Enquirer: 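Take this structure, written in structure tokens, and hold onto it; I'll ask about it next.
Chain identifiers are assigned alphabetically (A, B, ...) following the order of the sequence lines, protein sequences preceding nucleic acid strands; residue numbering begins at 1 within each chain. What you see is a predicted model; the values in this text were computed from it and never measured.
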2 protein chains.
Amino acid sequence: MLKLTRKLEYALIALRHMQTKGKLLSTTKEISDIYAIPQELLAKTLQQMARLEYIDAVQGPHGGYRIHSTMLEISLTKFIEDLEGPMGMVDCSVTSDCIQLNNCNIRQPINRINDNIRSIFSRINLSDITH
Amino acid sequence: MLKLTRKLEYALIALRHMQTKGKLLSTTKEISDIYAIPQELLAKTLQQMARLEYIDAVQGPHGGYRIHSTMLEISLTKFIEDLEGPMGMVDCSVTSDCIQLNNCNIRQPINRINDNIRSIFSRINLSDITH
DNA sequence: TTATACCCGACTATAATAGTCGTATATAGT
DNA sequence: ACTATATACGACTATTATAGTCGGGTATAA
């Protein structure tokens, strides 16, 4: 309950690391070594963030990644959903194939809480974590 | 990310159901039938809540469960942690055996967010969900 | 004494997450 | 052109957490 996945954790660690390096490039190996993150796993996450244009990739020797400037204004909600898909306390806040649905007696109160959390996460920017 | 487990979901549904019945008893079968919850699974959760004194159990024929009056003032944080153990976005907010720990660069910002969420959950009472 | 309903631990199944591997592509340096 | 380094990417396996099942027990009203 409420726990970040490793993927998100690694992504945040990497972003923060890159942040401290400004425009200098960081390699996967460098980051995985420093923070003891499995290299191949981190690699995939960095590649995904590159596709999402959170970071810029430079290929070849002396290549690596650096933070994309607009990334800082991304909200935590968007970040999480970009990397892992929709977020919601109950499935019916995401899809609508629950056998209960109309019968369900907690749907509305839970969805209110859900909205509260989302609104907190929406007010938090990635820069609040990686600054 | 952020999703309630079925156990919590079933527990909340059951509590709300019992709430509407006041001092009348509800059986496991009754609740599992109405909301299409696997009976044995619900049974375990109700038993756990009985041990925790969230609900009172009455044994024998015509037995069942009813809500314990003080339950209403329990916070969502306590409820979740009573049923599922400690809640935290990162392990280091719970235990301290992470190989990173001092090396970790996101610990503090994440823990701030974590505290925010906890404080929201602490201000929400079960009665807000089951009323 | 029988039927009903709670009690409880051990077990299995399923699904989500975490991690690995093989191969391909880009490119700087020589 | 060749080599070493680094990203790109899909398919695979392993691990863990959650979900669900089962078998046997106890309490008690009728």
Enquirer: In whole angstroms, how far is the C1' atom of D:dT28 from the NE2 atom of B:H62?
Expert: 10 Å

Enquirer: Which whole-number value in Å describes the distance from A:I37 CD1 to C:dT20 P?
Expert: 13 Å

Enquirer: Report yes if some heavy atom in the side chain of A:Y65 is under 4.5 Å from a heavy atom in the side chain of A:M49; otherwise report no.
Expert: no

Enquirer: Taking only side-chain nitrogens and oxygens of B:Y10, does any of them come within less than 4.0 Å of OP1 or OP2 of D:dA19?
Expert: no

Enquirer: Can you tell me how far C1' of C:dA26 sits from CG of A:L25, to the nearest Å?
Expert: 14 Å

Enquirer: Measure CD/A:E40 against C1'/C:dT23 and give the value in whole Å, please.
Expert: 11 Å

Enquirer: Taking for each residue the nucleotide of DNA chain C bearing the nearest heavy atom, is the 5' side occupied by A:Q39 or by A:Q59?
Expert: A:Q39

Enquirer: Nearest to the A:L41 side chain among D:dT7, C:dA18, D:dA29, which nucleotide is it?
Expert: C:dA18

Enquirer: In whole angstroms, how far is the C1' atom of D:dG25 from the CD atom of B:Q47?
Expert: 11 Å

Enquirer: I'd like to know if A:K3 pairs up with A:E9 as an ion pair, taking the criterion as any Lys NZ or Arg NE/NH1/NH2 lying under 4.0 Å from an Asp or Glu carboxylate oxygen.
Expert: no

Enquirer: Distance alone, cut at 3.5 Å: any donor-acceptor contact between the side chains of A:R16 and A:T20?
Expert: no

Enquirer: Determine the contact category for A:K44: base if any of its heavy atoms lies under 4.0 Å from a base atom, sugar-phosphate if only primed atoms, P, OP1 or OP2 are that close, otherwise nothing.
Expert: base

Enquirer: For A:E30 and D:dT5, what is the distance between atoms CD and C1' respectively, to the nearest whole Å?
Expert: 14 Å

Enquirer: If you measure from the Lys or Arg side-chain nitrogens to the Asp or Glu carboxylate oxygens, is any gap between A:K78 and A:E73 under 4.0 Å?
Expert: no

Enquirer: By nearest nucleotide on DNA chain C, pick out whichever of A:K7 and A:P61 is the more 5' one.
Expert: A:K7

Enquirer: Which of these nucleotides, C:dC6, D:dT7, D:dG20, is closest to any side-chain atom of B:P38?
Expert: D:dG20

Enquirer: Under 4.0 Å from OP1 or OP2 of C:dC7: is there any side-chain N or O of B:Y65 that close?
Expert: yes

Enquirer: Considering heavy-atom distances to DNA chain D, does A:K3 or A:T28 have its closest nucleotide positioned more toward the 5' end?
Expert: A:T28

Enquirer: Looking at C:dC8, I'd like to know if its phosphate oxygens (OP1 or OP2) sit under 4.0 Å from a side-chain N or O belonging to B:R51.
Expert: yes

Enquirer: Without decimals, in angstroms, what is the distance between B:Q48 CD and D:dT18 P?
Expert: 13 Å

Enquirer: Output the rounded distance in Å from CG (B:L8) to C1' (D:dA19).
Expert: 13 Å

Enquirer: Say whether B:T5 and B:E84, considering side chains only, have a donor N or O and an acceptor N or O under 3.5 Å apart.
Expert: yes

